[in-house]
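A quick write-up on the structure given underneath.
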Amino acid sequence: MTSSKTPPSSISRETDLSGMEYRWGFVTDVESDMAPKGLNEDTVRFISAKKNEPEWLLEWRLRAYKHWLKLEANDAEPTWAKVKYPAIDYQDMYYYSAPRSKDAAPKSMDEVDPELLEAFEKLGVPLHERQKLAGVAVDAVFDSVSVATTFADKLEELGIIFCSFNEAVQKHPELVKKYLGSVVPYTDNFFATLNSAVFSDGSFAYIPPGVKCPIELMTYFRINTEGSGQFERTLIVADKGASVSYLEGCTAPVRKTSQLHAAVVELVALDDSEIKYSTVQNWFPGTKEGVGGVYNFVTKRGRADDRAKISWTQVETGSAITWKYPSVILKGDDSVGEFYSVALANNHQQADTGTKMIHMGRNTKSTIVAKGISAGFGQNTYRGQVKIMPGAENATNHTQCDSLLIGDKCGAHTVPYIEVQNPTARLEHEASTSKVSDEQLFYLMQRGISEEEAHHMIITGWSRDVIRELPFEFAMEASQLLKVSLEGAVG
Amino acid sequence: MLEVTNLHAKVADVENGEILRGLNMTVNPGEVHAIMGPNGGGKSTFANVLAGRTDYEVTGGDIKLDGESIIELAPDERSHKGIFLAFQYPAEIPGVRPWQFMKAALDAQKEARGEKKLSVREFSKLFDAKVKQVKINPDLMKRSLNEGFSGGEKKRNEMLQLATLEPRLAVLDETDSGLDVDAMRIVAESVNALRSPDRSFILVTHYNRLLHHIVPDVVHVLVKGQLVQTGGPELAVEIERDGYKRFMPEPAAAGA
């Protein structure tokens, strides 16, 4: 694998078209402070102690760990997804690593380790640039420990808390204690339980009542240490009448061995609030031959109270395996849930992704737009559940699932689960499968557009209903990622 | 400018069935040529072969532009050399706006020719002017390319692209088919406005209707893959009056 410093916004056309080449493959030489390999009660205590956590949190972790042991003894690792991978040896990986500079937490950008900053530059996330140009506050997670938080003062004036999860535990324990596990309990599923026991860090945001967060909150995730799991924990709370837009971008360097990523994201949208959560995920998808790559087994869920709205938008181009179902529990009356997704599976990537919309309140409304692009030997499955509970009078759902096939060795699968327990519900489900047609290609090329660019334009256009939900800067990046991820598959 | 010699072509991936069978044609700069002929004679095939559509395979002969063969060039490379095809059935591209499409196309052409690309502002100004010029409904520009456009709107959109890209050789493939009188006039105005000493046109058409509005310099009759007659505008008038009957080969008419 070759390294490249080219940021995603300026990928040149002269690049290798013979197959997928991962452009974010470099290893940053920052000494890690690691927990011993393997998982046991001591690992959990080690992590908790490293973070100087209060007793209640250690107890919570230990309860999760004990529950996970039971699950593991009962072979409760989920197997229903349409993905294949060799058994994971949970004793053969590291559960904690932190850049050593973390003890002297940076007070400002100037104090951030230059080598870390350089790593972000390589990722195409120049913090200095971005915060100025885009008004984005970046809470950067580098191997699980936040290294820089920007715009803190501005946010503080409004009473908005945006910091690393660990910092929130220290400074706002009452908020963390109140909401941690309230949407995704530690018993939720195998991977969420594992995360609850060993999560290292993540992001925390709290928007006070009635406050509209004036800037996009942004986190950049990156997996760096070889063989280390990445267990992010993110908690976002929008208090009554508040609103916030949160961006998550992810990149991982090239590794031969597969890496487990089991994150948990919890969103709490109190009455009349709104949370928009956007993800662009381009973790290492493995080599063209299907070696290595990230296992992205993530639990994301939000709870929407009365008249609250939660919107998930994701562009998933990376990871060897994606197992991810960002969901909304529409608990309150008149609450709204949205899911917009583009998932790409090229070469030997496998994506099993979708959403769950659980309608509990009256007049609840959900929208699902799921687009899957399959190329090479990629397998793409949409798996979605729409559940209308008995009390959900006049609930409505509209689901649209579109598949685009490139080549004849890939697969697209749609698995909708619909469960209706209230006769007033109205549900619509549309599905389509299509290919890039020769007519379309010839039309674009006749006007002077290259074959590769024509493919890109057609595919981005096809994905537009999802991409336009992303904030502008992210939309550009997502479009570039689709292009890079499909190089070699088209043309 | 354009020289077609003994051109033979068939549908790719098919054993037999030559559609073009020795077509010869010379187009000089500034000329407007009309190619008329009955259905199935090879008119659309010729238009598409000129543009390099890979559904067709050239089995013999040559196409030269400014003395250089373009047979081996891909459609985008031919476009960079100034060949434009107004499609009979333009493709629909979901999620792609006409503006975005044209900006990308013009950028690609300018880049290939080593010219300076237009800034977003410069292009917007140009594009807005062209939208007005071809009298296309500006609301269509907010939609996906050709998606939900009527037949006439699609043709008008082709004229918008023609006006924006200003090619050296424009080939109009049955652009007049299915158009009402007003739409026909728009097409004709677009072409006439672009006529210049260094720009040439090939109008492929079944009927003479369009030629009432665009007076061609040369009229050809294409039957069974060959140009069987070439003349001036009067030939189109004759066809309008008598049809194609006299150009059709009649097996029993030997010795007549």
Side-chain angles (χ1 to χ4, degrees), chain A residues 10 12-14 17 315 340-342 369-371 373 400-405 430-470 472 475-476 478-480 482-483 490-491, chain B residues 12-13 47-48 50-56 73-98 100-113 115 143-147 154 157-158 160-162 164-167 170-171 173:
Chain A
S10 61
S12 82
R13 274 183 52 202
E14 291 78 35
L17 299 183
V315 173
Y340 299 96
S341 170
V342 173
V369 178
K371 291 177 178 272
I373 301 168
Q400 186 188 329
C401 293
D402 298 321
S403 302
L404 188 69
L405 298 170
E430 286 178 55
S432 76
T433 303
S434 50
K435 288 172 72 171
V436 176
S437 78
D438 290 345
E439 274 90 349
Q440 291 174 321
L441 282 176
F442 179 59
Y443 190 59
L444 268 55
M445 288 178 73
Q446 206 296 309
R447 299 303 187 243
I449 297 167
S450 71
E451 184 169 8
E452 190 197 351
E453 201 61 47
H455 263 110
H456 179 229
M457 193 174 252
I458 292 166
I459 290 163
T460 311
W462 183 82
S463 310
R464 187 170 171 269
D465 288 347
V466 175
I467 289 178
R468 72 175 173 196
E469 293 293 325
L470 291 170
F472 181 71
M476 299 285 284
S479 166
Q480 284 297 323
L482 286 177
K483 179 179 177 179
V490 298
Chain B
D13 309 323
N48 280 282
L50 282 178
R53 185 166 193 148
T54 51
D55 298 10
Y56 300 101
L73 298 185
D76 52 330
E77 294 168 318
R78 296 187 195 202
S79 166
H80 301 159
K81 292 200 177 293
I83 294 180
F84 178 94
L85 173 65
F87 286 73
Q88 187 176 5
Y89 303 109
E92 301 183 357
I93 320 276
V96 174
R97 302 270 174 88
Q100 173 200 1
F101 170 49
M102 272 298 97
K103 176 80 166 71
L106 195 60
D107 280 354
Q109 296 206 5
K110 286 196 175 286
E111 191 181 338
R113 293 180 202 136
E115 297 166 15
R143 292 208 215 144
S144 295
L145 185 60
N146 290 323
E147 210 176 43
K154 281 182 182 169
N157 191 31
E158 293 296 288
L160 171 65
Q161 295 171 39
L162 172 66
T164 305
L165 297 175
E166 300 187 319
V171 183
D173 185 11

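What you see below is based on every heavy atom in this structure, not just the backbone, and it leaves out hydrogens, waters and symmetry mates. Worth saying up front: this structure is predicted, and the values here are computed from it rather than measured.
In this structure, no portion of B:Asp107 lies under 4.5 Å from any heavy atom of chain A. Neither the backbone nor the side chain of B:Glu77 comes within contact range of chain A; no heavy atoms are under 4.5 Å apart. Heavy-atom distances place no part of B:Arg78 under 4.5 Å from chain A, backbone and side chain included. With a 4.5 angstrom heavy-atom cutoff, A:Ile467 does not touch chain B via any of its atoms. If you measure heavy-atom distances from B:Pro167 to chain A, you find no contacts under 4.5 Å at all.
Of all heavy-atom pairs spanning A:Phe442 and B:Gly52, the tightest one is CE1-C, 4.0 Å. Between A:Gly448 and B:Ser79, the shortest heavy-atom distance links the atoms N-OG, 3.1 Å. Between A:Gln440 and B:Pro94, the closest heavy-atom pair is NE2-CD, 3.8 Å.
Among A:Ser437, A:Ser463, A:Gly461, the residue making the largest number of heavy-atom pairs under 4.5 Å with chain B is A:Gly461.
Here B:Thr54 contributes atom OG1 and A:Met445 contributes atom CE; the two are 8.0 Å apart, rounded to the nearest 0.5 Å. Rounded to the nearest 0.5 angstrom, A:Leu444 CG and B:Ile93 CD1 are separated by 5.0 Å. Rounding to the nearest 0.5 Å gives a distance of 7.0 Å between CD1 of A:Ile449 and CE of B:Met102.
Looking at A:Gln446, its side chain does come within 3.5 Å of a backbone N or O of B:Ile83 through a donor-acceptor pair.
Using cut-offs of 30° and 60° for the angle between ring planes, the A:Tyr443 and B:Phe87 rings count as perpendicular.
Each of B:Leu106, B:Asp76, B:Leu165 was evaluated against A:Arg447; a single residue qualifies, B:Leu165, per the side chain to side chain contact (heavy atoms under 4.5 Å, CB included) test.
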